[in-house]
*Asks:* 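Got a structure for you, questions after.
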There are 2 protein chains.
Amino acid sequence: MNIGQAATASGVSAKMIRYYESIGLIEAPVRTEAGYRVYAGDDVHTLRFVKRARSLGFSIEETRELLALWRDKSRASADVKAFALRHIGELEARIGELQAMVKTLGHLARHCHGDGRPDCPILEDLADAPAPQGAGRAHSRDRARHHA
Amino acid sequence: MNIGQAATASGVSAKMIRYYESIGLIEAPVRTEAGYRVYAGDDVHTLRFVKRARSLGFSIEETRELLALWRDKSRASADVKAFALRHIGELEARIGELQAMVKTLGHLARHCHGDGRPDCPILEDLADAPAPQGAGRAHSRDRARHHA
DNA sequence: GCTTGACCTTCCCATGATGGGAAGCTTTAG
DNA sequence: CTAAAGCTTCCCATCATGGGAAGGTCAAGC
């Protein structure tokens with residue numbers, strides 16, 4: 001099976017399959033004499049595993065760890081569960097941040113007339129936000145969105 | 001005021017201030033003979049506006065639009081409100097995606113013994129995820145996290 | 001006055017995950 | 001045999017941010 005078929009069968013684009021190989025997330029498959037990658041059913045299985053993990057919000061590095069756990073037939077389910085729970089915690093933290101934004105914006109929007117007049121508490125809030133008090137530093141900690 | 005002071009006063013790093021200038025989000029300030037950027041109180045005000053908008057999840061391009069609305073003294077508050085409501089919708093969509101992930105993972109984790117045995121429904125789910133049925137295409141639509 | 005250190009300048013690189021596209025070779029169907 | 005579809009590698013772009021190098025500038029201390 002060529003990369004195109006593996007892509008269709010796994011739902012992972014050919015581009016991404018090559019990328020995953022280049023970063024060592026998946027193993028390099030055998031090649032034909034002409035250099036074409038040749039995949040087997042097992043490879044597609046792995047690709048689906050990766051896709052599913054990504055769709056659940058795991059980063060590629062986390063997916064790498066999950067693959068290792070998957071392949072380690074003697075892993076303790078407790079390890080996997082702890083991993084999943086930690087990830088849930090991170091997801092919930094992000095949800096919390098987004099909800100805080102929605103709450104603030106919703107509050108502002110509710111107080112905005114929304115008519116033809118120019119007065120708008122939304123812009124006023126943005127303009128009159130308090131000056132930073134702390135260090136002004138704040139090295140942002142964030143994960144990029146992804147999914148499918 | 002030099003860029004360092006503007007950064008401290010606004011909470012936006014000097015690096016970002018220069019970047020915002022380079023993409024035309026903020027105006028280029030006057031310079032000293034030696035080439036140092038010189039900022040006034042108004043510039044800090046604008047930077048705080050930008051920072052606040054970013055912290056509410058607006059992208060830089062959206063922030064650009066908000067700045068334009070802010071500077072347009074004759075804008076209709078309805079326009080601003082619509083903008084905010086649309087953004088709230090996008091935030092809620094992302095929250096929904098994250099919640100779906102949490103729900104799925106939570107479900108799996110609850111069914112995992114979490115003991116020393118290797119059997120784990122979490123990994124089983126990842127491994128046995130259904131094959132893609134549709135086109136397998138799916139060009140992801142996503143916004144990066146940011147905030148502070 | 002001169003040195004030192006803090007601050008400024010520009011420029012390039014990296015991140016994370018993905019897509020776009022070019023240039024060129026291969027395979028397959030007509 | 002030819003044309004199209006598919007494969008290969010390589011480079012670029014995204015989005016917002018930080019890191020760091022190389023070099024100029026300013027202010028304070030001696």
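Note that the coordinates shown come from a computational prediction; the quantities given were computed from them, not determined experimentally. Protein chains get the first letters and strands the later ones, always in sequence-line order, with residue 1 at the start of each.
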*Asks:* Taking the side chain as everything from C-beta on, heavy atoms only, tell me whether A:M1 gets closer than 4.5 Å to A:V44.
*Replies:* yes
*Asks:* From CG of B:L25 over to C1' of D:dT17, roughly how many Å is that when rounded to an integer?
*Replies:* 14 Å
*Asks:* Nearest-Å distance, CZ (A:R18) to P (D:dG6)?
*Replies:* 13 Å
*Asks:* Between P on D:dC11 and OH on A:Y19, what's the gap in Å once rounded to a whole number?
*Replies:* 16 Å
*Asks:* Please state whether the phosphate of C:dT26, meaning OP1 or OP2, lies under 4.0 angstrom from any side-chain nitrogen or oxygen of A:R37.
*Replies:* no
*Asks:* Rounding to an integer number of Å, can you tell me how far A:Y39 OH sits from D:dT8 P?
*Replies:* 7 Å
*Asks:* Of B:I60 and B:E33, whose nearest nucleotide on DNA chain D comes first from the 5' end?
*Replies:* B:I60
*Asks:* Whole Å only: how far is the CD atom of A:E90 from the C1' atom of C:dG16?
*Replies:* 15 Å
*Asks:* With distance as the sole criterion, do the side chain of B:Y36 and the base of D:dG24 form a donor-acceptor contact below 3.5 Å?
*Replies:* yes
*Asks:* Look at the side-chain N and O atoms of B:S13 and state whether any lies under 4.0 Å from the OP1 or OP2 oxygen of D:dT17.
*Replies:* no
*Asks:* Salt-bridged, B:E61 to B:R64, with N to O below 4.0 Å?
*Replies:* yes
*Asks:* Indicate whether OP1 or OP2 belonging to C:dT18 is found under 4.0 Å from a side-chain N or O atom of A:Y20.
*Replies:* yes
*Asks:* Where each residue is assigned the nucleotide of DNA chain C containing its nearest heavy atom, which of B:K15 and B:Q5 is assigned the position nearer the 5′ end?
*Replies:* B:Q5
*Asks:* Rounded to the Å, how far apart are B:I23 CD1 and D:dT14 C1'?
*Replies:* 13 Å
*Asks:* Between C:dT26 atom P and A:R31 atom CZ, what is the distance in whole Å?
*Replies:* 14 Å
*Asks:* Would you say B:R54 places a side-chain N or O within less than 4.0 Å of OP1 or OP2 belonging to D:dC15?
*Replies:* no
*Asks:* In this structure, how many angstroms lie between the C1' atom of D:dA16 and the CD1 atom of B:I17, rounded?
*Replies:* 15 Å
*Asks:* Is A:I26 close to A:D43 at the side-chain level, that is, under 4.5 Å between some pair of heavy atoms?
*Replies:* no
*Asks:* With a 4.0 Å cut-off, would you call A:R117 and A:D119 a salt bridge?
*Replies:* no
*Asks:* Parallel, tilted or perpendicular: which one describes the rings of B:W70 and B:H45, with boundaries at 30° and 60°?
*Replies:* perpendicular
